[in-house]
Amino acid sequence: MEGADSLSLNKSGTLSDWSAIRQQFPILSREVKGKPLVYFDNAATSQKPQVVIDALSHYYAHYNANIHRGIHTLAEEATMAYEATRDAVRDFVCAAEREEIIFTRGTTEAINLVAYTWGRQHIAEGDEILISGMEHHSNIVPWQILCAEKGAVLKVIPVEDDGSLSMTSFHELLNFRTKLVSIVHVSNALGTVNPVKEIVDAAHRVGARVLVDGAQSAVHLDIDVQDIDCDFFAFSGHKVYGPTGVGALYGKKELLESMPVFQGGGEMIKEVSFEGTTYADLPYKYEAGTPNIADTIALKAALDFISGIGKARIRAHEDELLAYATAELKAIPGLQIIGEAADKVSLVSFVIEGIHPQDIGVLLDNMGIAVRTGHHCTQPLMKRFGIPGTVRASFALYNEKTEIDVLIAALHKTIKMLA
């Protein structure tokens, strides 16, 4: 990958010149409120390298056309680029076959696809669906809707005080009435990494299927769906340095083939008559209508960008940022970190005694620092900790320790103003 391959490595294998990476993200050179931008809202969405921006504009400038249906040159070029992304996603998650990759608008649509197809087909009255207490609303609401429709029961794995999942409770809740476990791989509010392989192994022993929400894990962790052995895995493009409005669902081929269709329309059909319709083969069975072509094509540029650097090197850099930020934040009087599980990604959520998180966020923005405040679409988790929300600082490969220093200084200033 241009820019990534040229970076020097030190003996430990970590990248020694992250400034070259940072320079590939145009937005990071801007100012906010007259201050250099410090972007710590990566768990919400990551910034985009120039190669992704170029991929978007190149499609529209050079081969904008609909895909799969045309025989002219532009249509063929667009189709080839679109399908090349499917191969890139297959490699990114280590799926066995490209037909197991379904393009969606993101993690939310992918989870809903499973709920409305596999769920309606297999969940019956009295069945149980198991989720965790740290789930994003996108992995709660679809199952509540399904349970209400089918008369099934939604059960919740508790979260420990340190933000880790109670695996003892998980094994106690899991039983032969459990038909699905839908679990977040990495908590977007706490940074906790859940032991999904252990969860999958246990669930399969009682005959349950497992969906893994990889919205936060895909950018930080090596993903091998065959090793995890999950039945479904979902992630979003905009959290892996790619565009918004595109993501992917991995599903085991035999499951996808047996499931009913999700949406009807063009592309997902094989033959249509007024007497009946036959459906297309995988993966097009689940991709009705004209898709998000440009953003899907640009997603490949994002995945190539990550692969060109290497996730192991990225994780080492981000772990350094996490350790540094955690130590510096803990030294601030009255500050409490929410979520200190042993296994975390580069994300820190915290509260400061006597100050509302939103007030902190507003003042930090005035100093050019972008963090996320609130419940992070995890209201039940905030209730479990007895707080209205947190301030969340989440780090990416382009962040630097000097930016954390800026955050710490700004927090001290904020406390003086508000405490």
Side-chain angles (χ1 to χ4, degrees), residues 21 24-25 27-28 39-49 51-53 55-56 85 88-89 91-93 101-113 134-139 183-194 196 211-223 225 230 232-250 292 294-311 314-315 317-319 321-322 344-349 370-372 374 376-378 392-399:
I21 287 288
Q24 295 184 53
F25 292 81
I27 199 171
L28 298 180
Y39 188 79
F40 286 158
D41 195 20
N42 296 286
T45 195
S46 57
Q47 296 302 337
K48 320 307 173 193
V51 288
V52 171
I53 299 168
L56 277 169
T85 301
V89 173
D91 295 341
F92 192 72
V93 301
I101 303 303
I102 310 299
F103 287 128
T104 66
R105 290 182 299 157
T107 305
T108 297
E109 185 174 64
I111 294 171
N112 276 272
L113 189 158
M134 64 179 75
E135 298 305 321
H136 189 282
H137 296 163
S138 296
N139 203 26
I183 192 79
V184 67
H185 196 175
V186 168
S187 167
N188 73 301
L190 305 175
T192 304
V193 179
N194 286 322
V196 291
L211 183 152
V212 175
D213 173 354
Q216 296 295 330
S217 65
V219 71
H220 298 293
L221 308 179
D222 287 319
I223 305 300
V225 293
C230 55
F232 303 101
F233 184 94
F235 77 97
S236 299
H238 71 99
K239 296 182 191 293
V240 294
Y241 309 105
T244 57
V246 62
L249 171 70
Y250 157 81
N292 188 352
D295 292 320
T296 302
I297 290 171
L299 175 59
K300 181 180 184 297
L303 300 183
D304 289 347
F305 180 83
I306 294 172
S307 299
I309 301 170
K311 278 192 180 178
I314 295 171
R315 181 76 187 271
H317 174 67
E318 292 175 342
D319 284 349
L321 295 175
L322 176 62
K344 285 183 61 174
V345 299
S346 54
L347 179 161
V348 186
S349 281
V371 296
R372 181 68 51 155
H376 315 298
C377 292
T378 59
R392 184 185 70 189
S394 49
F395 313 118
L397 60 86
Y398 41 66
N399 289 127

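Values below: all heavy atoms of this structure, side chains included; hydrogens, waters and symmetry mates excluded.
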Start with the C-alpha distance between Q216 and V345, add both sets of side-chain angles, then the distance that settles side-chain contact (heavy atoms from CB on, under 4.5 Å), and finish with yes or no.
CA-CA 9 Å; Q216 296 295 330; V345 299; 5.8 Å; no
Atom CD1 of I309 and atom NE2 of H317: how far apart are they, to the nearest 0.5 Å?
10.0 Å
Kindly indicate whether the side chain of F25, heavy atoms from C-beta on, has any atom under 4.5 Å from the side chain of V52.
no
So, for G214 and F233, which heavy atoms are closest and what is the spacing to 0.1 Å?
CA-CZ, 3.5 Å
Give me the atom names and distance for the closest heavy-atom approach of G245 to N292.
O-ND2, 3.0 Å
So, for N139 and E135, which heavy atoms are closest and what is the spacing to 0.1 Å?
ND2-OE1, 2.8 Å
Heavy-atom donor-acceptor pair, S46 side chain to H238 backbone, under 3.5 Å:
yes
Side chains of Y250 and I101: closer than 4.5 Å at any heavy-atom pair?
yes
Under 4.5 Å between any side-chain heavy atoms of L56 and K48, yes or no?
no
Interatomic spacing from CG in L28 to OH in Y398 - rounded to 0.5 Å:
6.0 Å
Using side-chain hydrogen bond (donor to acceptor under 3.5 Å, both in side chains) as the criterion, point out the one residue from D213, T244, T107 that pairs with S236.
T107
On a heavy-atom basis, which atom in L190 and which in K344 lie closest, and how many Å separate them?
O-CE, 3.1 Å
Do the ring planes of F92 and F235 sit parallel (below 30°), tilted (30 to 60°) or perpendicular (above 60°)?
tilted
Grab the two heavy atoms, one from A218 and one from K311, that are nearest each other, plus how far apart they are.
O-NZ, 2.6 Å
Could you list the residues that satisfy side-chain hydrogen bond (donor to acceptor under 3.5 Å, both in side chains) with N399, not counting sequence neighbours?
N42, E403
Check whether any side-chain heavy atom of D222 sits under 4.5 Å from a side-chain heavy atom of R315, and report yes or no.
no
Note: D41-R392 ion pair, threshold 4.0 Å (strictly below):
yes
In Å and rounded to the nearest 0.5 Å, what is the CG to CG distance from L347 to L321?
12.5 Å
Quick one: CG on D295 to CZ on R105, what's the gap to the nearest 0.5 Å?
13.0 Å
Heavy-atom side-chain proximity of L397 to Y241 below 4.5 angstrom
yes
Between S349 (side chain) and A189 (backbone), is there a donor-acceptor pair under 3.5 Å?
yes
Is it true that the side chains of H136 and S138 contain a donor and an acceptor less than 3.5 Å apart?
yes
What's the spacing between S394 OG and N188 CG if we round to 0.5 Å?
9.5 Å
How long is the gap from CZ on F103 to OG1 on T85, to the nearest 0.5 Å?
5.5 Å
Non-hydrogen side-chain atoms of I314 and H220 separated by less than 4.5 Å:
no
Do F40 and F395 have ring centres separated by under 6.0 Å?
yes
Can you tell me which residue among V184, V186, T378 is in a side chain to side chain contact (heavy atoms under 4.5 Å, CB included) with M134?
V184
